[in-house]
Amino acid sequence: MEKFVLIFSFVFIGIISNSQTISSLEYTKLAIENSENTEILVLDSKFLDSLHSIIFDNIELKQLIITSNSSITKLNDIPKEIVNLVNLEKLVISNTRIVEIPYEIGNLTNLKILDLSKNNIEKIPEQIGNLINLKKLDLSDNEIIELPKSFTNLTNLIDLDISSNQIIKIPDEICNLLNLLNLNLFGNNISEICTEFGNLTKLDTLILSSNEIIELPATFQNFQNLKYLDLFINNIVEFPSPLLKLSNLTELNLGYNMITKIPNEISSLSNLSILYLGINQLKEIPKEIGELKNLTFLELQDNQITDLPAEIFNLVNLTSLNLRENKLVIIPNEINKLTNLVFLDLCENEIKKLPTGINCLTNLEDLDLHSNNLSFLPVEIGSLINLKSLFLSQNDLKSIPIEIGNLTNLIQLELHENKLKTLPSEFGNLVNLVNLDLEQNDLKTIPIEIGNLTNLKHLLLYENKLKSLPSEFGNLENLESLDLNNNKIKYLPTEISNLKNLKSLDLSFNHITNFTLDVKLLSNIEVLELYRNRLSKKEKIEIRKILDEINCKYFF
């Protein structure tokens, strides 16, 4: 029933927003009249400059929801009359300009859910401690510095969110909320955690990311029910040893800290499914990591890792492995064990060649190898038949094996900043490509099979050595942008005029002397760049005239 009422209310709000401007009072009356349930009232704060007394006359009201998706709101006050709503069980006043909560809110002792998020509240009144039936409290995105001592009375709280405030230490009052299951303290200024915090032994989810935490108290090991722990973006230098006792953890995020070493005892976290250790200062990975058999997601990006232990390839349930921005030179052939991988990121390392064992990774959909030292691709690359994205830019590739043509599911292929001189005709098999980047290579020709890539939308050929294009370019009916900047093209095939969906065409810095395209046929063209070519003054005038007629921006 609640879901229906909410949908109805949004429809009603839509009707109001499309009508003439009405007063806050008129809007409130209409909202009440159109409400399908007298126990639930939903109001959009965009239409309110104040809360009128007629709201508080309905003592049967059990749910009052005042919020908005709009940033335009004038509501800045909760009237004391809210005390009349003695049967209220759910109160949401979110995304307004409210700075203060009236102490009368403490009389709403039937409240189970209180959401005061996304306001400008600086202080919580002591009377909030009277709301002993509260199960869920959301105070996120405010300006709160501390909590009242009466907070300790809210012993039935299960879900507490005080993220994105100005709290500098975990309040002692929280440490007595022994029934808490979910606690979110993201985005505060917390630098230390008291030992009493370990009293919250029922915690299932704990979010402490984006704070200034340096270390964790030993009592953290009391969180034996904890499954999700987020400590992303803090100042942790040593891997917190108490965490090694949390055998029920399934997700641990220690990314963006200053951790230099992973202890061998990491193997004790046998239920881990997701482990983030990216953006730290790790130089090596202990072999014991291979004992985390339940891992499906492992992120080790942006560290200083030079070698991978063979045991890491025992993690046969991995579907995502991120090792980007390290100092890896060799990828062991044992990678062939990770047959469940869907995502593999090895970019920005120092890898010189790929192991032949890569042919076993047939479930891969995304493979990122850009910014390495690859001079060739093994023919086994053609076995990755489920690849959708392949990034090979900024390497030393001089050629592409014909087996690339097996990757018929590719949607995105990036090869810019290599040393490619030719492309195999098998490129024409990549019929699902949408984005193809071949910028900054040494290509002198494009195979006629390019015309098979009828799903292409974006084709980048900037800074090559092309002198001409095959007429088959005219088959690329879905092409929206074509960049041929900085080549040696003297003329264009007239078939390019067939590209009805082309919006952007860059032909700058070429050798064009005769512009053969009928731009009037390019019905969607928005930008044409012809800067630094060899067109005569007369031809430039004629082209400008046509482009002005079709409202196309141009650069000569």
Side-chain angles (χ1 to χ4, degrees), residues 393 411-418 420 423 427-428 430-556:
S393 299
I411 295 173
Q412 183 166 2
L413 175 58
E414 293 192 5
L415 283 158
H416 71 259
E417 292 183 66
N418 278 285
L420 300 174
L423 299 176
F427 241 72
L430 308 180
V431 293
N432 286 303
L433 271 183
V434 174
N435 301 312
L436 175 56
D437 186 351
L438 291 161
E439 290 184 353
Q440 294 176 280
N441 279 284
D442 295 320
L443 295 171
K444 294 181 178 180
T445 60
I446 300 294
I448 61 174
E449 289 79 7
I450 192 82
N452 297 341
L453 309 184
T454 56
N455 285 303
L456 264 187
K457 289 188 177 181
H458 308 284
L459 176 55
L460 305 177
L461 286 160
Y462 165 83
E463 202 170 314
N464 277 282
K465 297 179 180 179
L466 299 171
K467 293 183 178 181
S468 63
L469 302 175
S471 61
E472 285 75 10
F473 257 70
N475 298 339
L476 306 179
E477 57 188 28
N478 286 300
L479 202 62
E480 295 180 5
S481 63
L482 174 58
D483 190 344
L484 291 160
N485 189 334
N486 212 338
N487 278 279
K488 298 180 179 181
I489 298 169
K490 294 183 178 181
Y491 68 92
L492 296 169
T494 56
E495 287 81 1
I496 286 184
S497 300
N498 299 332
L499 305 181
K500 308 294 185 185
N501 288 301
L502 196 62
K503 296 179 181 179
S504 174
L505 175 57
D506 191 347
L507 296 164
S508 301
F509 291 93
N510 277 284
H511 298 167
I512 299 171
T513 56
N514 184 21
F515 191 71
T516 56
L517 298 185
D518 186 348
V519 289
K520 287 186 177 180
L521 296 178
L522 300 175
S523 53
N524 284 296
I525 194 73
E526 296 175 358
V527 179
L528 174 60
E529 299 187 47
L530 279 162
Y531 188 69
R532 289 292 180 95
N533 275 281
R534 299 176 181 179
L535 296 168
S536 67
K537 185 176 181 180
K538 180 180 179 181
E539 189 165 13
K540 287 181 181 178
I541 292 172
E542 291 175 355
I543 296 170
R544 283 191 180 106
K545 183 178 179 181
I546 296 171
L547 295 175
D548 283 335
E549 289 177 3
I550 61 175
N551 294 317
C552 175
K553 293 180 182 179
Y554 52 82
F555 301 92
F556 287 93

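Numbers here simply count residues along the sequence, with the first being 1. Small disclaimer: the values here were computed from a predicted structure and weren't measured.
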**OP:** Identify the two heavy atoms, one from G428 and one from L453, that lie closest to each other, and give their separation to 0.1 Å.
**Re:** O-CD2, 3.9 Å

Original post:
Roughly how far apart are L528 CG and L502 CG, rounded to 0.5 Å?
Top reply: 9.0 Å

Original post:
Taking the side chain as C-beta and beyond, is there a heavy-atom pair between V519 and L505 under 4.5 Å?
Top reply: no

**OP:** Give the minimum heavy-atom separation between S393 and N418, together with the two atoms involved.
**Re:** CA-ND2, 3.9 Å

**OP:** Can you see which heavy atom on L535 is nearest to which on I543, and at what distance?
**Re:** CD1-CD1, 4.0 Å

**OP:** Evaluate the side-chain proximity of I546 to F515: yes if any heavy-atom separation is below 4.5 Å, no if none is.
**Re:** no

Original post:
What's the spacing between L438 CG and E414 CD if we round to 0.5 Å?
Top reply: 10.0 Å

Original post:
Can you list the steps and then say if Y491 with N514 is a side chain to side chain contact (heavy atoms under 4.5 Å, CB included)?
Top reply: CA-CA 6 Å; Y491 68 92; N514 184 21; 6.0 Å; no

Subject >> Over all atoms of both residues, closest heavy-atom pair of I512 and L507 >> reply: CD1-CB, 4.0 Å

Subject >> Backbone of L521 reached by a side-chain donor or acceptor of S497 within 3.5 Å >> reply: no

**OP:** Verify side chain to side chain contact (heavy atoms under 4.5 Å, CB included) between F555 and D506, making sure each step is shown before the conclusion.
**Re:** CA-CA 9 Å; F555 301 92; D506 191 347; over 6 Å; no

Subject >> N464 backbone acceptor or donor facing N441 side chain under 3.5 Å >> reply: no

**OP:** Look only at the side chain of N487 and the backbone of N510, and say whether a donor-acceptor pair between them is shorter than 3.5 Å.
**Re:** no

Original post:
Is the count of non-hydrogen atoms from other residues, nucleotides or ligands lying under 6.0 Å from F509 atom CZ greater than 12?
Top reply: yes

Subject >> Minimum heavy-atom distance P470-P447, with the two atoms named >> reply: CG-O, 4.1 Å

Subject >> Residues, nucleotides or ligands: over 12 heavy atoms within 6.0 Å of K457 NZ >> reply: no

Original post:
Does the side chain of I450 reach to within under 4.5 Å of the side chain of F473, using non-hydrogen atoms?
Top reply: yes

**OP:** Decide yes or no for E439 and E463: does some side-chain heavy atom of the first lie under 4.5 Å from some side-chain heavy atom of the second?
**Re:** no

Original post:
Where the side chain of T516 meets the backbone of L492, is there a donor-acceptor pair that is under 3.5 Å apart?
Top reply: yes

Original post:
Is a donor on one side and an acceptor on the other found under 3.5 Å between the side chain of N435 and the backbone of D437?
Top reply: no

Original post:
How about K488: does its NZ atom have over 12 heavy atoms from other parts shown lying under 6.0 Å from it?
Top reply: no

**OP:** Measure the CD-CD distance between E449 and E472 for me, rounded to the nearest 0.5 Å.
**Re:** 8.0 Å

Subject >> side chain to side chain contact (heavy atoms under 4.5 Å, CB included) between L469 and L484, intermediate numbers included >> reply: CA-CA 10 Å; L469 302 175; L484 291 160; 3.5 Å; yes

**OP:** Could you tell me whether a side-chain N or O of S504 sits under 3.5 Å from a main-chain N or O of S481, the two making a donor and an acceptor?
**Re:** no

Original post:
Where is the tightest heavy-atom contact between N498 and G474, given as atom of each residue plus distance?
Top reply: CB-O, 3.8 Å

Original post:
Can you check side chain to side chain contact (heavy atoms under 4.5 Å, CB included) on E477 and K500, steps first, answer last?
Top reply: CA-CA 7 Å; E477 57 188 28; K500 308 294 185 185; over 6 Å; no

Subject >> L460 side, atom CG; L436 side, atom CG - distance, nearest 0.5 Å >> reply: 7.5 Å

Original post:
Quick one: are K553 and E526 in side-chain contact, heavy atoms under 4.5 Å?
Top reply: no

Original post:
Between N455 (side chain) and V434 (backbone), is there a donor-acceptor pair under 3.5 Å?
Top reply: no

Subject >> Atom pair CD/CZ of E539 and F556 - distance to nearest 0.5 Å >> reply: 9.0 Å

Original post:
Rounded to the nearest 0.5 Å, how far apart are CG of N475 and CG of L499?
Top reply: 9.0 Å

Subject >> Candidate pair Y531 and N485, rule side-chain hydrogen bond (donor to acceptor under 3.5 Å, both in side chains), full reasoning >> reply: CA-CA 9 Å; Y531 188 69; N485 189 334; over 6 Å; no

